[in-house]
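What you are looking at is a predicted structure, and each value in this text was computed from that prediction instead of being measured.
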Number of protein chains: 2
Amino acid sequence: MPQTMTSADLRIRNQVRLLRAVHDAAEPFTRAEAARLLGIGRNTAAALVGELERARLLHEVPAEPSGRGRPTTLLVPHPEGPVAFAVDFREDSWTLASVELGGAATELETAEHDRTPGVFAEIREAVARHGTARVAQIGFATPGPIRDGHRLHISHLGWDEVELDGLLGEGWPPTVIDNDARLAGLAESRRGALRGVGTALHFHIDFDIGGTLLLGGDAQRGAHRIAGEFGHMPLTGSDLECMCGVRGCWSLDVGANALVRRFGAEPGYGTGRELARAILRRAEDGDAEAASAVNDNAAALGKGLGALANALDPEAISLSGLGVDLIRLRGGLIEEHCREALMAFRRDEPPRIVPGTVGAAGPLTGAAEIAWDAILDPVRVKNRL
Amino acid sequence: MPQTMTSADLRIRNQVRLLRAVHDAAEPFTRAEAARLLGIGRNTAAALVGELERARLLHEVPAEPSGRGRPTTLLVPHPEGPVAFAVDFREDSWTLASVELGGAATELETAEHDRTPGVFAEIREAVARHGTARVAQIGFATPGPIRDGHRLHISHLGWDEVELDGLLGEGWPPTVIDNDARLAGLAESRRGALRGVGTALHFHIDFDIGGTLLLGGDAQRGAHRIAGEFGHMPLTGSDLECMCGVRGCWSLDVGANALVRRFGAEPGYGTGRELARAILRRAEDGDAEAASAVNDNAAALGKGLGALANALDPEAISLSGLGVDLIRLRGGLIEEHCREALMAFRRDEPPRIVPGTVGAAGPLTGAAEIAWDAILDPVRVKNRL
DNA sequence: AAATTTATGTGTCCGGCATGAACAAAATCC
DNA sequence: GGATTTTGTTCATGCCGGACACATAAATTT
């Protein structure tokens with residue numbers, strides 16, 4: 001990927017490095033710290049910051065004097081700088097938030113919807129209502145795979161390859177869109193439990209298991225941008241037919257599907273989610289059959305994780321959705337079955353299996369991340385000065 | 001991971017880009033073409049080439065005049081420049097080759113060995129025998145996973161976490177080592193059937209199925225550098241116990257293991273490979289039971305590939321080892337079962353399943369690639385001038 | 001055979017960028 | 001109040017790549 005490299009691009013490159021450092025940092029840092037962090041001189045840092053300040057991308061505020069030495073300034077997002085809008089589009093509702101450099105989010109609006117693609121017009125109205133000239137990019141999280149970034153498929157809403165270009169394209173800021181599970185993983189990788197982990201997996205457990213492979217802080221998308229359907233691998237030897245068109249999918253044995261089916265309910269998508277939560281609660285309260293169902297669930301989950309770890313060798317695996325509850329209730333069982341599925345020589349260094357820390361905000365946070373990735377693109381920054 | 005970037009590093013960066021372009025090109029190209037390719041001026045290209053010529057990394061030879069215009073020079077490896085030694089260490093033999101910039105390989109020696117780690121001393125002698133001052137790096141391909149790059153595990157040779165640091169470390173050129181299946185995949189990605197494919201999978205089918213995920217021309221290694229044991233996922237619902245310590249591994253149903261077991265032989269590693277080849281030949285000649293065994297093999301292979309494609313969304317999948325024969329004999333069957341295992345919405349764009357074109361030289365070629373990757377490291381090039 | 005066209009190499013100048021050293025500024029510590 | 005520490009600022013320097021003009025070598029045209 002090394003693009004053409006002139007000495008002007010070098011400056012841009014350092015500008016972007018600086019902006020990314022500010023964006024990725026957990027706490028604001030000073031100009032001198034920035035210089036040390038990027039390995040550049042204080043003079044160079046001053047020049048970079050000056051330009052970014054003029055371009056309304058960074059702002060300097062006096063820092064609390066801590067110890068001796070000349071007082072310095074903290075680097076914070078510019079109050080008139082660009083912001084990203086993030087949309088978490090779920091099956092029955094959506095949320096719009098504004099996210100500034102560094103990741104600080106402000107929720108703007110949330111609403112239910114009628115489960116037709118008409119919801120996009122509704123969201124556009126909300127964006128127009130809240131939008132200002134500062135909105136530079138929109139990041140969109142949706143359930144379901146999005147082939148090539150513009151054809152959305154949500155089987156249980158009956159959306160079969162909905163063309164998004166017309167729905168998202170013109171008349172509002174540039175948009176990036178991706179799958180919610182993948183974005184939740186990205187959020188964990190950038191700002192959550194997987195921070196700093198080079199090779200990791202994240203799974204969102206709901207009815208399906210969606211997930212993503214995270215390498216060096218980036219979520220892998222695949223050739224058609226529809227990677228991540230880990231739930232549709234036959235990892236547990238099930239014989240049932242799955243809605244996806246295949247038999248034996250892992251997600252038939254893990255998550256809401258399996259819990260609900262155990263109690264004779266249809267694996268629908270509406271009330272089933274609440275039923276699954278109720279089963280977890282009953283298991284927690286000591287109900288024997290519910291406990292058994294949860295046990296089976298955790299075992300199947302662990303087995304699949306072990307199998308995937310054999311192939312992909314992650315350092316850590318984070319879970320969201322029902323996975324958080326499963327770890328809380330049956331963490332040991334998951335690890336035990338994971339271990340059994342691991343090749344023997346791997347068992348002394350199994351992957352850590354941890355609950356995600358970004359929580360339900362995962363897709364929204366991830367959507368903001370890809371929006372900011374787009375804003376912080378070198379050519380984009382260059383055009384802004 | 002953008003490292004510090006001074007204006008001198010910029011020159012190095014472009015030097016490396018130029019060297020990589022020469023290394024990766026299928027055919028030698030001229031200096032003017034290089035300038036166009038890298039997006040730099042002809043004068044800059046001239047300066048770069050001049051320095052690289054003085055550093056004995058590139059050499060210019062007059063080019064055949066092709067059409068009109070002032071005749072130019074071709075960029076070729078310097079006759080006194082560095083070379084990489086590549087070692088393909090197999091269970092029963094090893095091969096040593098010398099590979100120059102651009103990938104041209106010369107086999108130097110091949111020999112059988114006694115299946116003890118003493119073989120490394122033997123290989124060191126061979127390297128000393130053939131080595132010159134030009135040898136800058138050694139790339140090593142071995143069967144079995146190599147944890148963290150220095151602990152080698154080959155279960156069926158009885159090598160349990162053999163420490164390589166003492167065996168490879170000092171007294172010869174710097175060494176990089178990796179798993180043979182992964183290196184075969186890397187070779188396909190750089191110089192074979194997967195050239196230019198952004199997201200791809202490669203599998204080497206022998207007794208086990210080893211493989212690698214290839215992203216942007218790079219083979220993924222995982223957190224402990226032991227990724228790629230795709231054969232040890234339970235993708236086909238087998239109930240057998242595997243040598244790896246897990247039940248139901250995919251590779252029990254695909255490859256030499258499954259073929260040999262069908263005919264009552266032990267899944268050993270010595271003569272079994274030849275028996276598997278014999279079964280393939282018999283199937284080709286019309287033997288019914290052999291044909292049935294091969295059918296089952298191909299079906300299980302396709303099923304696993306489809307499952308993996310659901311999760312990883314590769315554009316193409318290449319196979320080596322027995323996989324080449326299976327494609328030749330039962331390509332349709334593999335694709336059919338792959339399709340069945342694909343989620344319905346993926347079936348109109350299934351991954352291409354192709355035989356590798358690098359062939360048996362895969363591990364050796366891949367070993368040369370990682371050796372050259374090390375040689376073409378920016379700091380390394382910088383030190384050489 | 002001479003002129004033209006096309007593609008390439010060479011030389012020079014210029015602006016941009018990061019470095020490093022020296023100095024200035026602003027706080028704390030003793 | 002002076003020493004120390006940390007940071008900001010200024011300036012000269014070196015290097016890099018781009019732009020331009022010009023030279024060179026062949027093929028094609030006239």
Side-chain angles (χ1 to χ4, degrees), chain A residues 2-19 21 28-55 58-76 378 381-383 385, chain B residues 2-19 21 28-55 58-75 378 381-382 385:
Chain A
Q3 281 302 340
T4 170
M5 202 58 180
T6 156
S7 91
D9 298 330
L10 179 56
R11 169 55 68 93
I12 299 299
R13 186 190 167 93
N14 278 332
Q15 304 276 34
V16 170
R17 282 212 299 150
L18 179 54
L19 289 171
F29 50 79
T30 70
R31 215 165 77 178
E33 285 170 335
R36 282 192 293 271
L37 198 63
L38 301 189
I40 59 180
R42 296 193 301 271
N43 47 4
T44 308
L48 293 178
V49 170
E51 286 174 35
L52 291 173
E53 174 94 51
R54 277 192 295 281
L58 273 189
H59 189 54
E60 290 184 278
V61 297
E64 288 295 302
S66 66
R68 55 184 171 184
R70 176 171 172 171
T72 177
T73 54
L74 285 178
L75 303 180
V76 298
V381 171
K382 181 176 191 170
N383 289 337
L385 253 181
Chain B
Q3 280 304 337
T4 171
M5 203 60 178
T6 158
S7 127
D9 298 330
L10 177 57
R11 169 56 67 99
I12 299 300
R13 186 190 167 92
N14 278 332
Q15 304 276 34
V16 169
R17 283 214 299 149
L18 179 54
L19 289 171
F29 50 79
T30 70
R31 218 163 76 179
E33 284 169 336
R36 279 193 296 270
L37 199 62
L38 301 190
I40 59 180
R42 294 193 300 271
N43 49 0
T44 307
L48 294 177
V49 170
E51 287 174 34
L52 291 173
E53 174 93 50
R54 277 193 295 283
L58 273 189
H59 189 53
E60 290 183 278
V61 298
E64 288 296 302
S66 67
R68 53 186 172 183
R70 175 173 169 171
T72 177
T73 54
L74 282 178
L75 302 180
V381 171
K382 181 175 191 172
L385 253 181

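Between the NZ atom of B:K382 and the P atom of D:dC15 there is a distance of 12 Å, rounded to whole Å. In this structure, the CZ atom of B:R36 is 13 Å from the C1' atom of C:dG9, given to the nearest Å. Per the geometry, CZ belonging to A:R70 stands 19 Å off P belonging to C:dC29, to the nearest Å. What separates CG of B:L10 from P of D:dG14 is a distance of 19 Å, to the nearest Å. If you take CZ of A:R13 and C1' of D:dC16, they are 16 Å apart, rounded to a whole angstrom. Note: CD1 (B:I40) to P (D:dC16) measures 13 Å, nearest angstrom. Look at CD1 on A:I12: it is 10 Å from P on C:dA18, rounded to the nearest Å. Per the geometry, CG belonging to B:D9 stands 17 Å off P belonging to C:dC17, to the nearest Å.
The shortest heavy-atom contact between A:V16 and A:P378 is CG2-CA, 3.8 Å. Across every non-hydrogen atom of A:R11 and A:A47, the tightest pair is NH2-CB, 4.2 Å.
Within the 4.5 Å cutoff, no side-chain heavy atoms of B:N14 are placed close to those of B:L38. Between A:E60 and A:L75, some side-chain heavy-atom pair lies under the 4.5 Å cut-off. A:V49 is not listed as a side-chain neighbour of A:L52, based on a closest heavy-atom distance of 4.5 Å or more.
Taking only side-chain atoms of B:A32, from C-beta outward, the nucleotide of C:dT8, C:dA26, D:dC16 with the closest atom is C:dT8.
Projected onto DNA chain C by closest heavy-atom contact, B:T73 and A:L48 fall at different nucleotides, the more 5' of which corresponds to B:T73. Comparing A:T44 and B:R42 along DNA chain C, the residue whose closest nucleotide (by nearest heavy atom) sits nearer the 5' end is B:R42.
The base of C:dG16 is not paired with the side chain of A:R11 by any donor and acceptor separated by under 3.5 Å. Residue A:N43 places a side-chain atom within donor-acceptor reach of the base of C:dG20, judged by atom type and a 3.5 Å distance cut-off alone.
For the OP1/OP2 pair of D:dG8 and a distance below 4.0 Å, the side-chain nitrogens and oxygens of A:T72 include at least one atom meeting the criterion. Between B:R31 and C:dA7 there is no side-chain N or O to OP1 or OP2 distance below 4.0 Å.
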